[in-house]
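Contents: one structure, followed by commentary.
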Amino acid sequence: MLKGKQSWTFANAPAILTTGVTGGEMEGEGPLKDDFDLLYDDNYVNEDTHEKAHRKLLEDAVTIALKKGNLKKEKVQFFLAGDLINQITPTSFAARTNSIPHIGLFGACATSMEGLALAGFLTNYNGAEYVLTGTSSHKGAVEKQFRYPTDYGGQKPPTAQWTVTGAGVALVGKSVGILKPIPKLTSATIGKVVDMGLKDPFNMGGAMAPAAVDTIMTHHKDLDHGPNYYDAVITGDLGQIGNKIAYDMLQEKNFLIDRERLIDCGMLIYNKEQNVFAGGSGAACSATVLYGHILNKMKKGLYKRILFVSTGALLSPLSFQQKETIPCIAHAVAIEFA
Amino acid sequence: MSPKQPLTTKQKDYQKLENKDEIKRPLLRNCIKAFLVGGFICLIGQCITVFYIYFFNFTEQTASNPTVSTLVFISMLLTGFGLYKKLGQLGGAGSAVPVTGFGNAVISAAIEHRSEGLVLGVGGNIFKLAGSVIVFGVFSAFVVALIKTIFQLIGG
Amino acid sequence: MSNRKAMKVLMVILIACLFITTGCMDTKKKGDAKWALFKTTNPNPAVLNETSEEFAFSEEIHKFVLSFPEIYDAAIVVGDKQVLVAYKVKQMQRFKMKKIEKKLKKKLEKKFKDQNRKFTVSSDFKIFLEVVELNENLKDEKYSRKKAKKHFKKIIKLEKEKT
Amino acid sequence: MLPMFFWAFVIGGLICVIGQLMFDVAKLTPAHTLSTMVVIGAIAAGFDLYEPFADFAGAGATVPITSFGNSLVSGAMQEAQTHGIIGVLTGMFEIASSGISSAIIFGFIAALIFKPKG
């Protein structure tokens, strides 16, 4: 149901039934390694190119999610997924493998919540019984497309972020008849594109923070929540800098959220010692951390309800070279463990 | 949207805020590291030059050619084993400006695009990064040499 | 951590370079030629036609060349029609190397006009090295003078093709 | 000779510091920085400044990418001496070919041997 300007509330409480999370080498060395279902110690994932590895990570995540739910893939109506590569080919190829009716999505790194919001919407209104949604990214493949060849020795500034290699997939279905508590989707906010005129492609956090702030504030306003309604407001991949800016901006706009409630996935996924500059990024950053780490924490009772905001920078190498600014977007989904 | 579109006040305000929270590039440390790494590479170059002068028939002038080739060869090994990007992160311009950085740009592009085949991938993309160096080098050299030649014709 | 690994590899390469440069020297070059580039050798000038006049002439050139304030080391071989002068320029004067070369050649030709010989001057380290080597060889009485003349010509050729 | 090693280190290092300033202060991409440095090298060669500089610093001046611009100009000038204006066109790569050809050759070999490291 539409609520406020751009938010939906889900009365029939669609839920995240199972998840599948895969990761690569760096993720296995990070602090969240126990929250991954499958970790590869080689970024090639036994394939011969990074692009094929990219696809394999998503395929594996889908397989794991279905297996955990004891569900045949024929039972799933839709597969909503996307990634960062040109024409989202890794996702399309993965959709070819699992042959579930597929809607390809692109929202850069915000794709994960775009997919989850739509999946919630579809199941809420009986558009589907089961929907698979997820995103994946691969550092080698993404760097090749957006920046330099992986072996090029360019110096990255401290504002740069490290693209996560991995995939996170969630199986969304109705929660009717399930008695034990599971993570349920209660509402979602679709963000609008915000452009603050930043041009540095090595400072994504700084570019995306205003979009996140816009979506967070709109969500709270649409749903009439106070700033500390959620136990945690978790952003996708703002990194250290974006997180700080987002907090400062919220304070400035008199949205007095507690400091420790504003968390960022990009800061959780790696150790400081891993030399990842300002933190993790990429489409898989929000998906792997939410579907792995955060949901596990909710199951342990650490958070009861959260607002998950994934942020995306909608640039391409072409638009950057043509000196365009970086437009950004953020989508939010509220998850309650009940 | 034209790139020269002026920023709105909102954008300006935000950029001020953003600038405050952004982690600054450690300029001094970067420069020192660039100095050390770059100097070190040139020192190796000097060693190789002396080596060629001593043991082959190269004079000081001609020895720079095999030196460059040798450095590019070393750069190939470092790039192939994934070490040059680590050196690049450490040294910044110190590893990009010497000819090893040029080699790295060419070689990394070649390795990266091997998956698209030898002709379209390697052949087509090998100068993806370093091509601009050649283009600007050749064109500026052409202009400089042309002006100089004309001056010599007039003056001499 | 990983940066250290990269540094280690670089160190190995540098050390390997040093070893090759120093290690090979022992086997190939002898006497002064071994360190000719690194220290001031100032070898006695050599002549191809060993007469006392020639020796005196070569000594004179040597003194004259060394009288230039920019030059600190010189090796000279006097041939039949040509004189080969290799010298080293002080580091801070190396900016003016081309000028020094021209000046030296001019002054040599002017001073020794009556000798009617061609002067080949070079500040190139390689030429210097070769001249010192030839010099060393000439010290050896048994060294074939024919070979020496060949070597002499080779050096002049090397100097010519330089540019 | 020994002071040359020292100066090769210092001058080479200083050129790299200039590059670093272009990276960090002017916020140029590596490609912009390197192209600019090559152009600087070519202009310096035009004023006959680069060669004395290379005499002084040895590899400190020949190893940085600026020397590429220099060798392009001096190759063109050399050819221009013998063939006139046409030489400017034809002599360009007379000296500068070693860097490019070895980069291509080793690049191709590397593409056959190595895989990108993730």
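Everything numeric in this text was worked out from a predicted model, so none of it was measured. Reminder, nothing fancy here: chain letters follow the sequence lines and each chain counts from 1.
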Note: B:I107 and D:A103 closest approach over all heavy atoms is CG1-O, 4.3 Å
Okay, D:A96 and chain B: the region with an atom under 4.5 Å from a heavy atom over there is neither
So, the part of B:I32 with a heavy atom under 4.5 Å from chain D: the answer is neither
For D:K115, the side chain to side chain donor-acceptor pair (under 3.5 Å) test, sequence neighbours excluded, returns none
- Are B:F139 and D:V39 close enough that some pair of their side-chain heavy atoms sits under 4.5 Å apart? no
Are the side chains of B:T67 and D:T62 in touch, meaning some heavy atoms are under 4.5 Å apart?
-> no
4.5 Å side-chain heavy-atom contact, D:K27 and B:R25: yes
Is it the case that the side chains of B:S132 and D:S35 hold a donor-acceptor pair, with the cut-off being a distance below 3.5 Å and no angle test?
yes
Heavy atoms of B:T49 and D:A59 approach each other most closely as OG1-CB, 4.3 Å
Under 4.5 Å to a heavy atom of chain D? For B:I126 that would be side chain
Rounded to the nearest 0.5 Å, the OG atom of D:S74 sits from the NZ atom of B:K148 at a distance of 8.5 Å
Rounding to 0.5 Å, atoms CD (D:E79) and OG1 (B:T149) come to a distance of 11.5 Å
Keeping B:K85 on the side-chain end and D:K117 on the backbone end, is there a donor-acceptor pair under 3.5 Å? yes
- Just wondering, do B:T79 and D:F114 contact through their side chains at under 4.5 Å, heavy atoms? no
Residue from D:L112, D:D24, D:I104 scoring the most non-hydrogen pairs under 4.5 Å with chain B is D:D24
Inset, instruction - Decide yes or no for D:Q81 and B:Q152: does some side-chain heavy atom of the first lie under 4.5 Å from some side-chain heavy atom of the second? - result: yes
In short, B:I134 meets D:F68 closest at the heavy-atom pair CA-CE2, 4.0 Å
Output yes when a side-chain donor or acceptor of B:Q46 lies under 3.5 Å from a complementary backbone atom of D:F5, and no otherwise. no
### Message
With a 6.0 Å cut-off (strictly less than), is the heavy-atom count around CZ of D:F93, excluding the residue itself, greater than 12?
### Response
yes
Do B:V72 and D:F106 pass the side chain to side chain contact (heavy atoms under 4.5 Å, CB included) test, and can you show the C-alpha distance, the side-chain angles, and the key distance before you say yes or no? CA-CA 7 Å; B:V72 173; D:F106 293 133; 3.7 Å; yes
Within residues 85-92 of chain D, contacts to chain B at heavy-atom distances under 4.5 Å involve D:I85, D:V88, D:L89, D:M92
Which of D:S98, D:S101, D:S71, D:S102 passes side-chain hydrogen bond (donor to acceptor under 3.5 Å, both in side chains) with B:N65? Answer is D:S98
Under 4.5 Å to a heavy atom of chain D? For B:V138 that would be both
- Run the numbers on D:C16 and B:V37 for side chain to side chain contact (heavy atoms under 4.5 Å, CB included), then give the verdict. CA-CA 9 Å; D:C16 294; B:V37 172; over 6 Å; no
Between the OG atom in B:S69 and the CD1 atom in D:I100, the distance rounded to the nearest 0.5 Å is 11.5 Å
Per-residue tally against chain D (heavy atom, under 4.5 Å) across B:A145, B:G45, B:S108 peaks at B:A145
Residues B:V144 and D:A42: closest non-hydrogen pair is CG1-O, 3.6 Å
*asked:* Is it the case that over 12 heavy atoms from other parts of the model lie below 6.0 angstrom from the NZ atom of B:K16?
replied: no
Residue from B:S75, B:S64, B:A110, B:G80 scoring the most non-hydrogen pairs under 4.5 Å with chain D is B:G80
Of B:G121, B:A34, B:G103, the largest count of non-hydrogen pairs under 4.5 angstrom with chain D goes to B:A34
Closest non-hydrogen atoms of D:G99 and B:V68, given as atom of the first, atom of the second and distance, are CA-CG1, 3.5 Å
CG of B:L118 to CZ of D:F108, rounded to nearest 0.5 Å, is 4.5 Å
Practice problem: Please examine the side chains of D:V17 and B:F35, heavy atoms only from C-beta on, and report whether any two atoms are closer than 4.5 Å. | Solution: yes
Can you tell if the side chain of B:F102 reaches within under 4.5 Å of the side chain of D:L34, non-hydrogen atoms only?
-> no
Under 4.5 Å to a heavy atom of chain B? For D:F47 that would be neither
For D:G19 and B:V97 the tightest heavy-atom approach is CA-CG2, 4.2 Å
- Task: Kindly indicate whether the side chain of B:C42, heavy atoms from C-beta on, has any atom under 4.5 Å from the side chain of D:I11.
- Result: no
The interface call for D:A45 against chain B, heavy-atom contacts under 4.5 Å, is backbone
Bottom line for D:I105: the part with an atom under 4.5 Å from chain B's heavy atoms is neither
Step by step, would you call B:Q61 with D:I95 a side chain to side chain contact (heavy atoms under 4.5 Å, CB included)? CA-CA 10 Å; B:Q61 307 268 316; D:I95 302 174; over 6 Å; no
